[in-house]
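Data block below; observations after.
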Amino acid sequence: MRKWTSEIGDEDVGRDVTVYGWIHEVRDLGGLIFLILRDREGFIQVTLPRKKVPPDTFDVAKKVKRESVVKVVGIVKREPKAPQGYEITPRVIEVLNESVVPLPLEVTEKVPAELDTRLDHRFMDLRKPRIQAIFRIRHNILQSVRNFLSEHGFIEVNTPKIVSTATEGGTELFPISYFEKEAFLNQSPQLYKQILMASGFDRVFEIAPIFRAEEHNTTRHLNEAISIDIEMSFTDHHGVMKILEGLIVRVYEDVFERCEKFLKWMDVELEIPSLPFERIRYDEAVEIAEKRGEEVPWGEDLTTPALKVLAEEIGDIHYFIVDWPTECKPFYAMPYKENPKVCRSFDLMKGALELASGTQRIHRYNELVESMRAKGLNPDGFEFYLEAFRYGMPPHSGWGLGLERLLMSMLNLKNIREATLFPRDRHRLTP
RNA sequence: GCCCGGGUGGUGUAGUCCGGCCCAUCAUGCGGGCCUGUCGAGCCCGCGACCCGGGUUCAAAUCCCGGCCCGGGCGCCA
């Protein structure tokens with residue numbers, strides 16, 4: 001019977017099991033060989049006393065190379081001296097595919113490897129349980145997000161990633177050729193999820209890649225990332241902030257509950273944030289930063305050093321920075337009526353890291369066109385979007401949350417590249 | 001993109017300041033040998049490297065210039 005290593009227990013003692021996996025380590029003591037077999041779920045020790053296993057099986061174990069893929073069939077023994085409490089005395093060891101040596105990096109981590117080396121040989125890096133745990137947790141986060149949003153009436157959608165020119169201006173787009181036309185990779189599902197509000201879906205979410213052609217080179221930026229986006233009708237920015245903080249807490253709770261093993265592999269102690277998250281106004285944030293000697297001219301985005309001192313003052317917690325200057329938010333952000341210099345907007349922070357940002361959107365056609373012009377955008381290129389605002393667009397709000405950033409902040413990863421299987425950055429296009 | 005630091009066996013490093021003592025250190029790995037309770041197994045023998053191009057010099061891993069790449073910080077990031 002085929003089992004994963006984690007499934008081997010008392011009920012298997014004295015019985016035959018089949019395990020598949022990789023040879024993690026070989027400890028050859030001469031007349032006694034220990035093979036440590038690794039699979040997705042963990043390890044199991046395969047023990048070969050010369051006199052108790054078939055001679056040809058013993059020979060296979062003598063010669064097997066690390067990281068080869070094997071099938072092991074044998075009897076399970078309870079053994080206090082074995083690392084997992086159980087070991088297998090094999091009847092058959094079949095090498096399904098032999099590994100070449102030397103390895104491009106050490107899966108056992110006896111010798112560290114630099115991130116760049118690891119990413120060059122990512123498939124091998126991902127064999128490390130500690131690294132694979134990141135992506136097992138990522139899966140749980142996504143599951144949790146889908147459950148939470150579905151329970152709150154959101155419908156999952158997909159919008160085009162190949163788009164025509166003129167999205168929102170500002171960030172750089174990757175140009176691609178689309179038959180006889182020029183096209184771009186989408187930087188955000190923003191315009192499409194808003195259009196869907198005009199369709200009457202009321203609440204939608206999308207989990208999909210976004211592409212940004214910025215030449216940034218930092219530990220928290222990728223040129224291709226996964227964005228969790230929502231759009232919600234008949235609510236303001238406060239409404240979607242509530243959804244966002246509720247979602248974050250739910251994700252933490254679910255990961256805490258379902259990923260105990262993986263958190264342990266990673267040596268991460270998860271602290272579940274409590275509701276509601278603190279909210280500070282942009283004005284207050286600027287004041288705090290300036291008290292610490294970081295000047296931020298009103299109307300501009302908070303600089304990295306300003307966010308760092310802010311995090312030192314507030315703590316490494318989840319909090320919102322709300323009510324940003326209209327001039328540093330996109331054209332679709334709705335200004336306050338009584339003070340149009342400030343808009344109905346927020347960023348979700350974890351310490352100094354921006355996790356998400358959102359706004360209440362302008363839903364009136366004339367105001368929207370006016371706002372575009374004020375930002376130097378030409379409404380003509382946005383007709384497919386603007387049309388949706390002429391025939392009954394409800395008031396609506398939404399946000400976008402960076403999945404990799406959520407993952408990295410949750411697991412204390414120092415580099416966002418750790419949070420994606422095959423990162424795309426300024427210089428990396430392979431693997 | 002800017003500033004600073006860096007690039008040495010498969011991997012991670014010492015050596016670079018002050019050129020020769022370096023046909024280059026250590027660990028891990030790999031190959032071989034010994035070994036029946038390892039769990040970072042141990043012991044013995046062996047293998048394997050100075051990013052690329054140019055320059056200075058009797059002599060360059062070491063100094064200078066250019067390129068590529070990496071790390072940190074910043075910028076950019078609706």
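Naming: A, B, ... by sequence-line order, numbering from 1 per chain. Values below: all heavy atoms of this structure, side chains included; hydrogens, waters and symmetry mates excluded.
In this structure, Lys65(A) reaches the sugar-phosphate backbone alone: every heavy-atom distance under 4.0 Å involves primed, P, OP1 or OP2 atoms, never a base. Within the 4.0 angstrom heavy-atom criterion, base atoms lie near Thr218(A). Using a 4.0 Å heavy-atom distance criterion, Asn217(A) is classed as a base contact.
Distance from the side chain of Lys110(A) is smallest for G40(B) among the nucleotides G40(B), G31(B), C76(B). Of all nucleotides listed (C77(B), C70(B), G73(B)), C77(B) comes nearest to the side chain of Arg212(A).
Between Phe277(A) and His318(A), the angle of the ring planes stays under 30°, which puts this pair in the parallel group of the 30/60° scheme. Under the 30°/60° scheme for interplanar angles, the aromatic rings of His216(A) and His221(A) are found to lie parallel.
Judged as a side-chain hydrogen bond (donor to acceptor under 3.5 Å, both in side chains), and not counting sequence neighbours, Glu300(A) has no contacts. Every ring pair (Phe, Tyr, Trp, His ring centres under 6.0 Å) that Tyr385(A) has, sequence neighbours left out, goes to Phe389(A).
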Short heteroatom pairs, N/O only, protein and nucleotides 11-14 of chain B, under 3.5 Å:
{"from": "U11(B)", "atom 1": "O2'", "to": "Pro112(A)", "atom 2": "O", "distance (Å)": "3.0"}
{"from": "G12(B)", "atom 1": "OP1", "to": "Glu114(A)", "atom 2": "N", "distance (Å)": "3.1"}
{"from": "G12(B)", "atom 1": "OP1", "to": "Thr117(A)", "atom 2": "OG1", "distance (Å)": "2.7"}
{"from": "G12(B)", "atom 1": "O4'", "to": "Pro112(A)", "atom 2": "O", "distance (Å)": "3.0"}

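Residue Glu25(A) is the one, among Glu25(A) and Arg417(A), whose nearest nucleotide of RNA chain B lies closer to the 5' end (criterion: closest heavy atom). Map Arg426(A) and Ser357(A) each onto its nearest nucleotide of RNA chain B; the residue landing nearer the 5' end is Arg426(A).
With respect to the salt-bridge test (charged N to carboxylate O, under 4.0 angstrom), the residues Lys264(A) and Asp267(A) do not qualify. The pair Arg130(A)-Glu418(A) does not count as a salt bridge, with every side-chain nitrogen at least 4.0 angstrom from each carboxylate oxygen.
Between Arg66(A) and C30(B) there is a side-chain polar atom (N or O) within less than 4.0 angstrom of OP1 or OP2.
Listed by residue number, Glu79(A), Lys81(A), Ala82(A), Pro83(A), Glu87(A) are the residues of residues 78-100 of chain A with a heavy-atom contact under 4.0 Å to RNA chain B. Using a 4.0 Å cutoff on non-hydrogen atoms, the parts of residues 28-58 of chain A near RNA chain B are Asp28(A), Leu29(A), Gly30(A), Gly31(A), Leu32(A), Phe34(A), Gln45(A), Lys51(A), ordered by number.
Pro83(A) and Gln45(A) get closest at one heavy-atom pair: CD-OE1, 3.3 Å.
Glu25(A) has its side chain out of reach of Phe43(A): every pair of non-hydrogen atoms, C-beta onward, lies at least 4.5 Å apart.
The base of C69(B) lies outside donor-acceptor range of the side chain of His427(A), with no N or O pair under 3.5 Å.
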Treating primed atoms plus P, OP1 and OP2 as sugar-phosphate and everything else as base, which nucleotides of nucleotides 45-51 of chain B get B, S or - for protein heavy atoms under 4.0 Å?
-------

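Spacing of C1' atoms, U16(B) relative to C21(B), comes out at 15 Å, to the nearest Å.
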